[in-house]
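Treat the numbers as computed from the prediction; the structure is a model and nothing was measured. Each residue takes its place number in the sequence, starting with 1.
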Amino acid sequence: MQITAIVTNSAIGHDVIVQTDDSAQTLNVPPQSLGKGSAINGGEFLMLALATCYCNDLYREAKRLAIPIEGVEVEASAEFPGIGLAATNITYRASVSSSASSSAIEQLLRETDAVAEIHNTVRAGVPVQLVRR
């Protein structure tokens, strides 16, 4: 699976496209008030990626474990100490509404944490490479 995100910004517009393999979607992300860049910053998107990944993976793993879920809430946060510095204190919390036992929910939370791809990517510290066009 190949995942790509494209941000195109100029004085005449701001477009955001995300794509997984051959399926592309446009996201409604407003430009900054002066039109130079996105109104949502990369740190916010990184926290959204962590929260979204864990939310989606909870449903996937619940299906695998036959645990019913009525709802999920995931909150991810981090501290960004300054320009050019990596995030610190990345944490997330999740709550699951379910008729399953608390031990089954705890198992679901643990097993999902172990397989959440975005979390594992951040944990591994994967290199990011600038490729010139």
S.K.: Do other residues, nucleotides or ligands put more than 12 heavy atoms under 6.0 Å from Gln32 CD?
M.R.: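 Check passes, neighbour count above 12.
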S.K.: For Leu85, I'd like to know if atom CG has over 12 heavy atoms of other residues, nucleotides or ligands within 6.0 Å.
M.R.: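 Counting neighbours around CG of Leu85, more than 12 heavy atoms of other residues, nucleotides or ligands fall under 6.0 Å, so yes.
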S.K.: Looking at Asp57 and Arg60, is there a salt bridge between them, counting it only when a charged N and a carboxylate O are closer than 4.0 Å?
M.R.: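 Salt bridge flag = yes for Asp57 with Arg60.
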S.K.: Spell out, yes or no, whether Leu65 and Tyr59 are grouped together once hydrophobic residues are joined by side-chain heavy atoms under 4.5 Å, including indirect joins.
M.R.: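 Both belong to a single hydrophobic cluster.
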S.K.: When rounded to the nearest 0.5 angstrom, what is the spacing between CD in Glu70 and OG in Ser99?
M.R.: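 Interatomic distance, Glu70 CD to Ser99 OG, rounded to 0.5 Å: 5.0 Å.
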S.K.: Just do the side chain to side chain contact (heavy atoms under 4.5 Å, CB included) check on Thr91 and Glu75 with the steps written out, would you?
M.R.: CA-CA 8 Å; Thr91 61; Glu75 175 186 317; over 6 Å; no
S.K.: If every non-hydrogen atom of Cys53 is compared with every non-hydrogen atom of Glu117, which pair is closest and at what distance?
M.R.: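 That closest heavy-atom pairing would be SG-N, 3.7 Å.
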S.K.: Can you tell me how far apart NZ (Lys36) and CG (Asn9) are? Round to the nearest 0.5 Å.
M.R.: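 With rounding to 0.5 Å, NZ (Lys36) is 9.5 Å from CG (Asn9).
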S.K.: Taking all heavy atoms of Asp21 and all of Gln19, pick out the closest pair and write down the distance.
M.R.: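 Closest approach of Asp21 to Gln19, heavy atoms only: O-NE2, 2.7 Å.
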S.K.: For the atom pair OG1 (Thr52) and CZ (Phe45), what is the distance rounded to the nearest 0.5 Å?
M.R.: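 The OG1 atom of Thr52 sits 10.0 Å away from the CZ atom of Phe45.
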S.K.: Donor-acceptor pair, distance only, cut-off 3.5 Å: does the side chain of Tyr54 make one with the backbone of Arg93?
M.R.: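 A pair under 3.5 Å: no.
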S.K.: List the steps, then state whether side chain to side chain contact (heavy atoms under 4.5 Å, CB included) holds for Leu109 with Glu106.
M.R.: CA-CA 5 Å; Leu109 293 169; Glu106 285 303 315; 4.0 Å; yes
S.K.: So, the side chain of Asp15 versus the backbone of Thr8: is there a donor-acceptor pair under 3.5 Å, distance only?
M.R.: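 No, the answer is negative, given that no donor and acceptor are paired below the 3.5 Å cut-off.
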S.K.: Among the clusters formed by ILVMFWY side chains lying less than 4.5 Å apart, do Phe80 and Ile90 turn up in the same one?
M.R.: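 Same cluster: Phe80 reaches Ile90 through Ile, Leu, Val, Met, Phe, Trp or Tyr contacts under 4.5 Å.
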S.K.: Ignoring hydrogens, what is the shortest heavy-atom contact between Ile105 and Ser98? Give both atom names and the distance.
M.R.: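 Distance-wise, the nearest heavy atoms are CD1-CB, 3.5 Å.
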S.K.: Hey, could you give me the CD1/CD1 distance between Ile3 and Ile118, rounded to the nearest 0.5 Å?
M.R.: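 The CD1 atom of Ile3 sits 6.5 Å away from the CD1 atom of Ile118.
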S.K.: Look up atom CG in Leu46 and atom OG in Ser77, then write down how far apart they are to the nearest 0.5 Å.
M.R.: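 If we round to the nearest 0.5 Å, Leu46:CG and Ser77:OG are 11.0 Å apart.
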S.K.: State plainly whether one hydrophobic cluster holds both Val18 and Leu48, where clusters connect Ile, Leu, Val, Met, Phe, Trp and Tyr through side-chain heavy atoms under 4.5 angstrom apart.
M.R.: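 Yes, one cluster joins them.
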S.K.: Starting from the C-alpha separation in whole Å, work towards a yes-or-no answer on side chain to side chain contact (heavy atoms under 4.5 Å, CB included) for Leu58 and Leu108.
M.R.: CA-CA 7 Å; Leu58 278 169; Leu108 172 64; 3.8 Å; yes
S.K.: Keeping the roles fixed (side chain from Ser101, backbone from Ala104), state whether a donor-acceptor pair exists under 3.5 Å.
M.R.: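 Yes.
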S.K.: Report the distance from atom CD of Gln107 to atom CD of Glu61, rounding to the nearest 0.5 Å.
M.R.: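 Between atom CD of Gln107 and atom CD of Glu61 there are 10.0 Å.
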S.K.: Can you hop from Val74 to Leu50 via hydrophobic side chains spaced under 4.5 Å?
M.R.: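 Each belongs to a different hydrophobic cluster.
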S.K.: Return the minimal non-hydrogen interatomic distance between Ala76 and Ala51, and the atom names on each side.
M.R.: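 That would be CB-N, 4.2 Å.
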